[in-house]
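Below, read A as the first sequence line, B as the second, and so on, with proteins coming before strands; counting in each chain starts at 1. Below, all heavy atoms of this structure are taken into account, side chains as well, without hydrogens, waters or symmetry copies. Just so we're clear, the structure is a prediction, and the values are computed from it rather than from any experiment.
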2 protein chains.
Amino acid sequence: MSLPHAILTALMEKPSSGLELTRRFDRSIGYFWSATHQQIYRELGRLESEGHIRALPSDRPARGQKRSYEVLPAGRAELARWTAASQDPKPYRDALLLRLRAAAVVGGTGIEADLRRHLDLHRAQLAEYRAIEERDFPPDRVTPQDRVRHLVLRAGIDLETFWTEWLDHALTEFADLDGTGTAD
Amino acid sequence: MSLPHAILTALMEKPSSGLELTRRFDRSIGYFWSATHQQIYRELGRLESEGHIRALPSDRPARGQKRSYEVLPAGRAELARWTAASQDPKPYRDALLLRLRAAAVVGGTGIEADLRRHLDLHRAQLAEYRAIEERDFPPDRVTPQDRVRHLVLRAGIDLETFWTEWLDHALTEFADLDGTGTAD
DNA sequence: CGGCTTTATGCAACTAGTTGCAAAACATCG
DNA sequence: CGATGTTTTGCAACTAGTTGCATAAAGCCG
């Protein structure tokens, strides 16, 4: 149950409309908590009806008309509560690893192209994170907030680094196997 | 849509009942595709009705009575099809990173205990993976199947290594911050 | 102006995973 | 034998995320 808190966080950083939030999720928060615009609008409605956020006053509120929201004290309190509360890590799921295990059993042909594709995607993501690091985290200007944000970005960078390295390794392993024969 | 394929993979490796599958998921496949027994039973029913698996003949089939399943040719074909088909990586979600980002905004107190708890869990998981590696993957006996499985295990080990290192780093960072003052 | 595209909001149906609970068979122990 | 506990199977309701589509306003272009 984290989407409302992701939205609260984003709105604390800057009051926004649904579409603006969607774009910001695509660029930033979505790196570790993605959401579609449909989810976001639905959740904004809920958060408003619960009194956690409110729409900024606008002359002509209507469908197709921009509606910006800001966080109310109750919302901030809820976010602080959630942040401090202990949470169990939720079970890990990774379809690619599962497919590889399945490939080991049915004789894996055709999975290599997809490994390569994933490698490209992870490389691109890694490059993007590195660019953000260079742009937003110069060695000076290290407020506590910056340091925490940098820490989060570091996790993203290290994760993508891991995946690129692992996929690279997996591909050489497969190339090797195809020489010997993969069928079982 | 991967649970049926996880189950097919497990049943290819060895025909099993629902409860046996549940236990095997807890120990092995569940490391990257977890499932509860309720999910597994539901899915076994579906797979059977689709003709992908069948119950092994038993004298007295009834509720409370063990029912083992084996994969039929159609099931094997479906698994091979799925394995070879290209799939987009699904968006990453991580509640802990989100919480940290929220903490940067509302002033993060109280999250450290949970970081420590997560660190312990990841350390335990890493130790478990390392034990499996030593037990199941001696340097000799390297069939193609073994090599692919080892590759998958390596991913688990490297991921847990990453998390333990990152959490360790995060905790020293936080200790440092508390000296300077975290509140915003 | 009239049609086309973009911006913006939003509903509804569907899919997948989680949680809570229960029932049938079997084992054990007094 | 009967009470109690364990194994095994399973239903039902709920929660969260995905997909497909609809609607309204505003901007652009000929």
Undergrad: Which nucleotide in the set dG17(D), dT8(D), dA8(C) lies at the smallest distance from any side-chain heavy atom of L3(A)?
TA: dG17(D)

Undergrad: Any idea how Y41(B) and H37(B) line up, ring-wise: parallel (<30°), tilted (30 to 60°), or perpendicular (>60°)?
TA: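 Correct class here is perpendicular.
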
Undergrad: Whether the Y31(A) and E128(A) side chains hold a donor-acceptor pair (N or O, under 3.5 Å, no angle test) is what I'd like checked.
TA: yes

Undergrad: Charged N to carboxylate O under 4.0 angstrom, E133(B) versus R130(B)?
TA: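 Here E133(B) does not pair with R130(B) in a salt bridge, since their nearest N and O are not under 4.0 Å apart.
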
Undergrad: Apply salt bridge (charged side-chain N to carboxylate O under 4.0 Å, His left out) to E160(B) and list each qualifying residue two or more places apart in sequence or on a separate chain.
TA: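 So E160(B) forms no salt bridge (charged side-chain N to carboxylate O under 4.0 Å, His left out) with any residue.
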
Undergrad: Rounded to whole Å, how long is the line connecting atom CD1 of I40(B) with atom P of dC11(D)?
TA: 15 Å

Undergrad: Would you kindly give the NZ-to-P distance between K66(A) and dT6(C), to the nearest whole Å?
TA: 18 Å

Undergrad: In whole Å, what is the span from the OH atom of Y41(A) to the C1' atom of dA24(D)?
TA: 12 Å

Undergrad: I need the minimum non-hydrogen distance between R93(A) and S34(B), along with the two atoms involved.
TA: NH2-O, 2.9 Å

Undergrad: Separation of W33(A) atom CH2 from dA16(D) atom C1', in whole Å?
TA: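 It works out to 9 Å between those atoms.
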
Undergrad: Give the minimum heavy-atom separation between A175(A) and E112(A), together with the two atoms involved.
TA: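 So the minimum-distance heavy-atom pair works out to N-OE1, 4.4 Å.
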
Undergrad: Could you check how far CG of L47(A) sits from P of dA16(D), rounded to whole Å?
TA: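 Between P of dA16(D) and CG of L47(A): 12 Å.
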
Undergrad: Going by atom types alone, do W163(A) and Q125(A) pair a side-chain donor with an acceptor below 3.5 Å?
TA: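 Judged by distance alone, the side chains do not pair up.
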
Undergrad: Can you give me the N/O atom pairs linking the protein to nucleotides 18-20 of chain D at distances under 3.5 Å, or say none if there are none?
TA:
residue : atom : partner : partner atom : Å
dT18(D) : OP2  : Q39(A)  : OE1          : 3.2
dT18(D) : OP2  : R93(B)  : NH2          : 3.1
dT18(D) : O4   : R42(A)  : NH2          : 2.4
dG20(D) : O6   : Q38(A)  : NE2          : 3.2

Undergrad: Parallel, tilted or perpendicular for W166(B) and F162(B), by the 30°/60° rule?
TA: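 Tilted.
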
Undergrad: So if I take residues 11-25 of chain B and measure heavy-atom distances to DNA chain D, which residues fall below 4.0 Å?
TA: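 Here the set is S17(B), G18(B), L19(B), R23(B).
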
Undergrad: How close or far is atom C1' of dT9(C) from atom CD1 of I7(A), stated in whole angstroms?
TA: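 Rounding to the nearest Å, CD1 of I7(A) and C1' of dT9(C) are 14 Å apart.
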
Undergrad: Rounding to a whole Å, what distance do you find between E43(A):CD and dT9(C):P?
TA: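 Rounded to whole Å, this separation is 16 Å.
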
Undergrad: Can you tell which of dA8(C), dT9(D), dA16(D) lies closest to the side chain of M1(A)?
TA: dA16(D)

Undergrad: Looking at dT9(D), dG17(D), dG10(C), which one has an atom nearest to any side-chain atom of R67(A)?
TA: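 For the R67(A) side chain, the nearest candidate turns out to be dG10(C).
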
Undergrad: Between the main-chain N or O of F137(B) and the side-chain N or O of D146(B), is there a donor-acceptor pair closer than 3.5 Å?
TA: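 Checked: no pair found.
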
